[in-house]
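Hydrogens, waters and symmetry mates play no part in the numbers below; they use all other heavy atoms, side chains included. As the structure is a prediction and not an experimental result, all values here were calculated from the model. Quick note on labels: first sequence line is chain A, next is B, and so on, each numbered from 1.
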Amino acid sequence: MGSRSSGLLFIAPATVYLVALVIYPTVYLYYMIFHSLNPLFDVTPRFVGLQNIYTLLQDPDASYAILAMLLLTGITVPVQLALGSLLALLFTSPHLRGRLVLRSVMLIPLSIPAVIVGLNWKMIFFTYGPLNTFLSSIGLEPQPWLSAPFGHTFNTFFVLAVLDIWQWTPFVALAVAAGIESIPPYIQEAAALDGATRLQMIRHIVFPLSKTVIIIVLLFRLIDSLKIFDIIYMLTFGGPGNLTTTLPFYIYKVGFTLTAARADIGYASLLAVILLLIATFLVLFVLTRVLNVKRVVWE
Amino acid sequence: MDKRILGLVITLGAWALGIIYLLPFIWMIGTSFKPIGEWGLPTLFPESPTSRNYLEILVTGGVYGVRGHFPPILRYLLNSVVVSVTVAILTSLLGAFTAYGILRYRAGGTFFANWILSLRMIPPVVILYPLVVLTKAIGLYNTLGGLVFVYPVITLPIVTWFMIGAFKSVPRETEEAAMLDGCTPFQVFTRIALPQASIGLATSAIFAFLFSWSEFLIPLLLAPSESAMPLTAFAGYFSNQYGILWGPLSAAAVIISLPVIVIAIMIQKYLIRGLTLGFIR
């Protein structure tokens with residue numbers, strides 16, 4: 001129905017807009033890779049050729065930041081998927097009382113701004129905060145939760161990972177629960193008639209039919225996990241030392257603050273391109289290998 | 001095992017988890033009503049509750065009479081509301097328009113749809129500096145207009161994909177009939193398709209609102225002064241400057257969170273659908 005040109009008219013405004021907002025910045029980013037610009041002292045970018053790339057190769061902070069980002073994602077996302085799927089079974093269990101209220105409670109961590117989640121936990125983890133006071137009152141050792149270096153039992157990287165798991169497991173749980181609930185009830189009723197136990201039904205019906213949903217959730221967790229910024233800004237500002245400086249936060253430190261060893265917008269742009277490449281690679285991998293987007297969208 | 005015992009175990013277990021999610025939030029509400037002497041105490045609820053934290057951050061500014069520490073946040077709150085509402089209206093309309101072209105006319109094909117989707121993936125920190133340069137060049141740096149101009153980077157992909165899903169459930173037949181009756185494609189869109197997808201449109205506007213309301217990094221760098229900085233960015237920035245003013249900070253956090261939580265619970269049915277851009281229904 002309709003003509004090709006009217007279709008193009010419908011997408012034209014957004015296209016023009018997004019070209020200005022996304023394409024232009026991306027092109028500018030690649031331009032900046034070959035330039036140097038100190039946020040404090042320089043006014044115009046200075047051409048430096050491949051110097052930023054040399055810097056990157058000799059910058060242990062950058063390799064650590066990439067590693068820290070991948071490690072954080074590699075720890076939190078699988079745990080969230082596993083715990084969230086279990087929780088989804090709990091949410092959809094016919095035995096659960098007060099399901100609606102519980103689900104509303106679980107919406108809190110995914111609806112309030114990440115900054116506020118960070119602020120909230122900052123109060124709780126504060127050295128003289130409620131958690132430590134509580135621990136000492138029951139005779140346990142208070143911990144420097146937000147400034148514990150690597151090697152410490154509860155080092156801050158670990159605390160950050162646990163918090164991210166806390167924050168995003170409900171998202172996985174609610175999404176998988178929605179998936180489970182969309183399985184037509186007659187399938188399980190038929191299985192029950194055939195004498196299948198609840199565990200058998202979960203294994204042979206619920207799990208296979210929830211696979212697509214779990215993969216979609218994986219995709220979104222992956223995307224957002226590589227973006228984590230607000231929580232780190234609020235809780236640790238990348239510290240102690242470099243411990244929680246993941247790549248997005250390192251880009252911020254290099255490009256917008258004077259806290260990194262180098263403050264240079266050109267170099268930050270190179271790091272940004274690296275982040276973009278890693279994110280694109282990971283997401284494309286999931287999209288093309290695991291999830292058939294074309295099918296999901298058009299059919 | 002007895003069914004009733006199983007039910008009890010499941011319910012208790014689930015609610016034990018629920019408490020873990022509720023406690024930090026209750027802590028925040030409790031602290032927001034604590035007088036200055038109680039901020040550091042590990043009690044969940046204030047012994048002598050006060051509304052002073054709220055009064056000071058909203059109206060007079062300052063912390064327990066000390067001016068200059070905490071400016072009144074009304075201006076920041078207003079910035080948040082103005083920007084989020086404007087972005088919600090603009091992006092939901094633009095997103096609906098785009099989604100309609102993608103779905104009904106297959107304009108731009110799968111490539112265009114996927115490209116829009118891929119924008120959801122870009123970490124904001126990546127394009128932040130170019131956006132600073134861009135907004136400075138067109139005179140929108142540090143203005144509310146600048147934020148309204150930039151936020152669609154985040155919200156437009158979400159809304160567009162959400163609306164693709166919403167239009168999918170609108171029957172094509174009525175649109176085709178309207179076409180035959182001589183409506184232009186634009187008229188079909190505004191008079192037939194959009195009204196039928198109005199719930200989807202409203203929901204996507206709410207999502208655009210929520211995402212704008214929560215945005216932190218972009219306004220932190222694009223709107224660094226009072227005239228444009230939204231409340232979320234202010235609370236984050238401020239708490240890093242004066243970390244331990246827990247009372248007023250909690251009050252600000254409650255003011256930021258409450259509307260969002262109310263909205264989230266209201267649109268609970270659509271929340272997961274929205275967060276997964278319509279992939280999970």
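- Interface residue A:Y24: only side-chain heavy atoms are found under 4.5 Å from chain B.
- Only the side chain of A:L107 comes within contact range of chain B, judged by heavy atoms closer than 4.5 Å.
- Between chain A and the options B:T184, B:L134, B:I263, B:L210, the largest number of non-hydrogen pairs under 4.5 Å is found for B:L134.
- Comparing A:Y31, A:F134, A:F249, A:W166 by how many heavy-atom pairs each has under 4.5 Å with chain B, the most go to A:W166.
- Of the two parts of B:I122, the backbone and the side chain both hold a non-hydrogen atom closer than 4.5 Å to a non-hydrogen atom of chain A.
- The backbone N or O of A:H95 sits less than 3.5 Å from a side-chain atom of B:T11, completing a donor-acceptor pair.
- Counting only heavy atoms from C-beta outward, the side chains of A:V283 and B:S118 never approach each other to under 4.5 Å.
- Using a 4.5 Å cut-off between heavy atoms, A:V273 does not touch chain B at all.
- Contacts between B:L258 and chain A at a heavy-atom distance below 4.5 Å are absent for every atom of the residue.
- Your options are A:N120, A:V22, A:V105, and the one with the most heavy-atom pairs under 4.5 Å with chain B is A:N120.
- In plain terms, the two heavy atoms of B:P42 and A:P130 that are nearest each other are CB-CA, 3.9 Å.
- Highest contact tally toward chain A, considering only B:T232, B:I256, B:L221, is held by B:L221 [criterion: heavy-atom pairs under 4.5 Å].
- No part of B:P259 comes within reach of chain A, as not one of its non-hydrogen atoms sits under 4.5 angstrom from that chain.
- Taking the six-membered ring where the residue is Trp, the centroids of B:F149 and A:Y17 are separated by under 6.0 Å.
- When side chains are defined from C-beta on, A:Y233 counts as touching B:L220, because their heavy atoms get closer than 4.5 Å.
- For chain A, no part of B:V254 is nearby; none of its heavy atoms comes within less than 4.5 Å.
- Proximity to chain B is limited to the side chain of A:M106, based on heavy atoms less than 4.5 angstrom apart.
- When all heavy atoms of B:Y21 and A:I165 are compared, the closest pair comes out as OH-O, 4.3 Å.
- Note: B:F189 and A:F10 have perpendicular aromatic rings, judged against thresholds of 30 and 60 degrees for the angle between ring planes.
- With a 4.5 Å cut-off on non-hydrogen atoms, A:I11 touches chain B through its backbone and its side chain both.
- The choice from A:T15, A:L21, A:T133 that makes the most heavy-atom pairs within less than 4.5 Å of chain B is A:L21.
- Neither the backbone nor the side chain of A:L222 comes within contact range of chain B; no heavy atom of the residue lies under 4.5 Å from a heavy atom of that chain.
- Inter-residue side-chain proximity for A:V217 and B:I280 is flagged as met; some heavy-atom pair is nearer than 4.5 Å.
- Residue A:S93 touches chain B through its side chain alone, counting heavy-atom pairs closer than 4.5 Å.
- Heavy atoms of A:V213 lying under 4.5 Å from chain B belong to its backbone as well as its side chain.
- Nearest approach of A:L119 to B:S239, heavy atoms of both residues: CD1-CB, 3.8 Å.
- Considering only heavy-atom pairs separated by less than 4.5 Å from chain A, the leading option among B:I127, B:L44, B:L94 is B:L94.
- When each of B:E215, B:R273, B:R120 is checked for heavy-atom pairs under 4.5 Å with chain A, B:R120 comes out on top.
- Chain B forms more heavy-atom pairs under 4.5 Å with one residue of A:S137, A:P170, A:A12, A:G129 than with any other, namely A:P170.
- Below 30°, between 30° and 60°, or above 60°: for A:Y28 and B:Y129 the angle between ring planes is between 30° and 60°, a tilted geometry.
- The aromatic rings of B:W246 and A:F126 sit perpendicular to each other, their planes meeting at more than 60°, with 30° as the lower class boundary.
- Contact annotation for A:T280: both backbone and side-chain heavy atoms come within less than 4.5 Å of a heavy atom of chain B.
- Contact of A:P248 with chain B is made through backbone and side chain together, with heavy-atom distances under 4.5 Å.
- With respect to chain A, the highest number of heavy-atom pairs below 4.5 Å among B:L23, B:T91, B:L119, B:L12 belongs to B:L119.
- The local environment of CZ in A:F237 is crowded, with over 12 non-hydrogen atoms from other residues, nucleotides or ligands closer than 6.0 Å.
- A donor-acceptor pair under 3.5 Å is absent between the side-chain atoms of B:W27 and the main chain of A:M123, judged by distance alone.
- In this structure, chain B has heavy atoms under 4.5 Å from both the backbone and the side chain of A:Y252.
- Heavy atoms of A:L83 lying under 4.5 Å from chain B are absent altogether.
- The candidate with the highest count of non-hydrogen atom pairs below 4.5 Å against chain A, out of B:V260, B:L128, B:T276, is B:T276.
- Contact annotation for A:I265: only side-chain heavy atoms (C-beta onward) come within less than 4.5 Å of a heavy atom of chain B.
- Heavy atoms closer than 4.5 Å to chain B are found in the side chain of A:D224, but not in its backbone.
- Interface remark: B:I10 contributes backbone and side-chain atoms alike to the contact with chain A (heavy atom separation under 4.5 Å).
- Within the 4.5 angstrom heavy-atom criterion, no atom of B:W39 approaches chain A.
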